[in-house]
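The structure appears right after this line, and notes come after that.
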Amino acid sequence: MNRTTSDPTVQPVPASVVEQVDAADITLSNPKWAVISLGSNLGNRLETLQGAIDALEDTPGLRVKAVSPVYETEPWGVDPGSQPSYFNAVVVIKTTLPPASLLERGQAIEEAFDRVREERWGPRTIDVDIVAYADVVSEDPLLTLPHPRAHERAFVLAPWHDVDPQAQLPGRGPGGDLLNGVGATGVLARPDLELRLPE
């Protein structure tokens, strides 16, 4: 089919419509901010992280607002050298989804990338964790908020601090102070690698 300028399918979207969509995104059901941690140590790690970010952006009621630099870290809780290193990143989102729905979406993304849960701290193609959701503090065993170990994990705190130096982990305090407390040993910034914010 010859697409000419008279073809309505290729007409540019009027700026006024784009502005209305952006405004709706801001006002729709009072969106909340949330922080999601991503990690991968199997397959094409960078491509998998980007795929997970794009899948989050494709979620109705969710917009990715910031993507951190990439960090390389040794696996947590296993013998050194027993698994490939992780690529880690953090994304900040705005969403109208409640925490339980956001958890379901994260798990669906893991399944889409063939995440296998055979062992605790086992290697994985993708790990999608909700670090914090607004100021919610919850002891729900299905979804503890904020993430119960985020305050002691430099691979979460370092990239989060990069995208939001004023970040506060609910119930724990400023992310920068928490990062100073745990130190950044074993967490290597990878400025040669880059994740893009979805368009």
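Owing to the predicted nature of the structure, the values given are computational and were not obtained by experimental measurement.
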Is a side-chain donor or acceptor of S40 paired with a backbone partner of L49 at a separation under 3.5 angstrom?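 Not confirmed, S40 side chain does not pair with L49 backbone.
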Any chain of hydrophobic side-chain contacts (each under 4.5 Å) joining L38 to L197?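 Yes; tracing contacts between hydrophobic side chains, which count when under 4.5 Å, links both residues.
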Hey, what do you get for [atom1] ([X]) to [atom2] ([Y]), rounding to the nearest 0.5 Å?
X	Y	atom1	atom2	value
I93	I130	CD1	CD1	7.5 Å
L102	L62	CG	CG	6.5 Å
E47	Q50	CD	CD	9.5 Å
K32	T96	NZ	OG1	11.0 Å
I36	I53	CD1	CD1	10.0 Å

Please enumerate all residues that pass side-chain contact (heavy atoms from CB on, under 4.5 Å) together with [X], with sequence neighbours excluded.
X	result
A158	Y71, L179, V187
A184	none
H151	L169, R172, L178
L46	N44, V70, F87, L193, L195

By side chain to side chain donor-acceptor pair (under 3.5 Å), which residues pair with [X], not counting sequence neighbours?
X	result
S68	none
T73	N88
Y133	none

Can you name the nearest heavy-atom pair linking [X] to [Y], along with the distance?
X	Y	result
P159	P69	CB-O, 4.1 Å
G183	A154	O-CB, 3.3 Å
D54	P198	OD1-CG, 3.8 Å
D129	D127	OD2-OD2, 3.4 Å
A132	P170	CB-CD, 4.0 Å
V90	S37	CG2-CA, 4.3 Å

Using distance only, find each side-chain donor-acceptor pair of residues 134-145 under 3.5 Å and give its atom names and separation, not counting sequence neighbours.
from : atom 1 : to   : atom 2 : distance (Å)
S138 : OG     : D140 : N      : 3.2
D140 : OD1    : L142 : N      : 2.8
T144 : OG1    : D140 : O      : 3.1

Can you run down the side chain to side chain donor-acceptor pair (under 3.5 Å) pairs that involve residues 173-193, sequence neighbours left out, and say none if there aren't any?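 Checked against side chain to side chain donor-acceptor pair (under 3.5 Å) - neighbours excluded - the pairs reaching residues 173-193 are E72-R190, R190-D192.
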Is it true that D58 and R105 make a salt bridge, defined as a side-chain N closer than 4.0 Å to a carboxylate O?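 R105 and D58: not salt-bridged.
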Looking at residues at least two apart in the chain, or sitting in another chain, which of them share a salt bridge (Lys or Arg N to Asp or Glu O under 4.0 Å) with E57?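 Checked E57 against salt bridge (Lys or Arg N to Asp or Glu O under 4.0 Å); matches are R63.
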